[in-house]
Chemist: 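Quick one: the structure is below, questions incoming.
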Amino acid sequence: MQKQTLIALVEDKPGVLNRVASLFRRRAFNIESLTVGHTEQPGVSRMTIVVDSEQTEAERVTANLYKQVNVIQVEDLSNSPMVSRDLALIKINTPANRRSEIMQLVDVFRARIVDVGNDSMIVEITGVEDKIDGLVDVLRPFGIIEMVRTGTVAMARGASTLESFRISGNGNGKVKEIV
């Protein structure tokens, strides 16, 4: 199986995330990563969805996403040049005699220390999944206390963007206008 990266622009309304996730569940897709956040357009959120699937299956899911009431636009970036990033916060055990060693490792991965306590520190790293996995592997022997990851966010490279649009309504919640 291959990872497919889909971008969906959706109306920022209650229940949209649940309906989109349910679509993937009904088709037995494993969602590797799902991130949602506001866009530069008020009332519009952007979902980045990474799934394990074949290309043809991803095309079917894209078509089904368009059938969802609050979905404005869907793009499959899987075969396009794109920039993708993940963010992780990793809290690790840091005995005083090993702190300098940990700080050097963090520096090698171009991560940064965002909090230091008596017996722990929190490291922030941004990058591709493999880079973050590499840092986690190196820090594991020190004792990872807790970790959180954002999931992948992605954007097509170059000047191309998702189509410009404006949401207009006539009461049915599905009218959109491409400008």
Chemist: Taking D86 for its side chain and G127 for its backbone only, find out whether a donor-acceptor pair lies under 3.5 Å.
Modeler: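 Pair absent, no side-chain N/O of D86 close to backbone of G127.
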Chemist: Below 4.5 Å, heavy atoms only, C-beta onward: do R27 and N64 meet side chain to side chain?
Modeler: yes
Chemist: Is there a chain of hydrophobic side chains (I, L, V, M, F, W, Y, each step under 4.5 Å between heavy atoms) that links V50 to V36?
Modeler: no
Chemist: Are V108 and M121 joined in one hydrophobic group, where the rule is that I, L, V, M, F, W and Y side chains link up if heavy atoms are under 4.5 Å apart?
Modeler: yes
Chemist: Any idea which heavy atoms bring A88 and I132 closest together, and the distance?
Modeler: CB-CG2, 3.8 Å
Chemist: Supply the atom-to-atom distance L6 CG to T48 OG1, rounded to the nearest 0.5 angstrom.
Modeler: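 It is 9.5 Å, given to the nearest 0.5 Å.
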Chemist: Quick check: is F142 connected to V123 through a chain of hydrophobic side chains (ILVMFWY, heavy atoms under 4.5 Å apart)?
Modeler: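 Yes, same cluster.
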Chemist: Enter the distance from L135:CG to I92:CD1 here, rounded to the nearest 0.5 Å.
Modeler: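 L135 atom CG to I92 atom CD1 measures 7.5 Å (nearest 0.5 Å).
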Chemist: To the nearest 0.5 Å, how far apart are CD1 in I72 and OH in Y66?
Modeler: 10.5 Å
Chemist: Flag yes if V116 and I122 sit in one hydrophobic cluster, no otherwise; membership is Ile, Leu, Val, Met, Phe, Trp, Tyr, and two members link when side-chain heavy atoms are under 4.5 Å apart.
Modeler: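 No.
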Chemist: Counting only heavy atoms not in M155, do more than 12 fall under 6.0 Å of its CE?
Modeler: no
Chemist: Tell me which one of I145, V106, I144 satisfies side-chain contact (heavy atoms from CB on, under 4.5 Å) with I90.
Modeler: I144
Chemist: Minimum heavy-atom separation for V61 and F29, please, with both atom names.
Modeler: CG2-CE1, 2.8 Å
Chemist: Looking only at atom types and distance, does a side-chain atom of S33 sit under 3.5 Å from a main-chain N or O of T152, one as donor and one as acceptor?
Modeler: yes
Chemist: Minimum heavy-atom separation for A154 and R46, please, with both atom names.
Modeler: O-NH2, 3.0 Å
Chemist: Using every non-hydrogen atom in the two residues, find where I31 and A21 come nearest and quote the distance to one decimal.
Modeler: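 For I31 and A21, the tightest heavy-atom pair comes out as CD1-CA, 4.5 Å.
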Chemist: Kindly say whether M103 contributes a backbone atom to a donor-acceptor pair with the side chain of D107 at under 3.5 angstrom?
Modeler: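 Absent.
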Chemist: Does L87 offer a backbone N or O that forms a donor-acceptor pair with the side chain of T150 under 3.5 Å?
Modeler: yes
Chemist: Using the rule given for side chain to side chain contact (heavy atoms under 4.5 Å, CB included), can you reason through K3 versus D52, listing the C-alpha separation, both sets of side-chain angles and the distance that settles it, and then say yes or no?
Modeler: CA-CA 5 Å; K3 288 186 183 181; D52 271 340; 3.5 Å; yes
Chemist: Give the minimum heavy-atom separation between A111 and I125, together with the two atoms involved.
Modeler: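 Answer, listing the atom of A111 first, then I125: CB-CB, 3.8 Å.
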Chemist: Apply side chain to side chain contact (heavy atoms under 4.5 Å, CB included) to M82 and E75, showing your working.
Modeler: CA-CA 12 Å; M82 70 175 163; E75 294 290 331; over 6 Å; no
Chemist: Where is the tightest heavy-atom contact between R99 and D119, given as atom of each residue plus distance?
Modeler: NH2-N, 3.8 Å
Chemist: Do the side chain of T39 and the main chain of V44 share a donor and acceptor less than 3.5 angstrom apart?
Modeler: yes
Chemist: Same cluster or not: are L34 and V148 linked, directly or through other Ile, Leu, Val, Met, Phe, Trp or Tyr residues, by side-chain heavy atoms under 4.5 angstrom apart?
Modeler: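 They do not share one cluster, since no chain of ILVMFWY contacts under 4.5 Å joins L34 to V148.
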Chemist: Among R110, R112, R149, which residue satisfies the salt bridge (Lys or Arg N to Asp or Glu O under 4.0 Å) criterion with E124?
Modeler: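 For E124, the salt bridge (Lys or Arg N to Asp or Glu O under 4.0 Å) test succeeds with only one of R110, R112, R149, which is R112.
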Chemist: In a check of side-chain contact (heavy atoms from CB on, under 4.5 Å) between M47 and each of V16, V71, T35, which one passes?
Modeler: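 Single side-chain contact (heavy atoms from CB on, under 4.5 Å) partner of M47 among V16, V71, T35: V16.
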Chemist: When rounded to the nearest 0.5 angstrom, what distance separates CG in D12 from CD in Q41?
Modeler: 12.0 Å
Chemist: Is there a donor-acceptor pair under 3.5 Å between the side chain of S78 and the backbone N or O of T5?
Modeler: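 Between the backbone of T5 and the side chain of S78 there is a qualifying donor-acceptor contact (under 3.5 Å).
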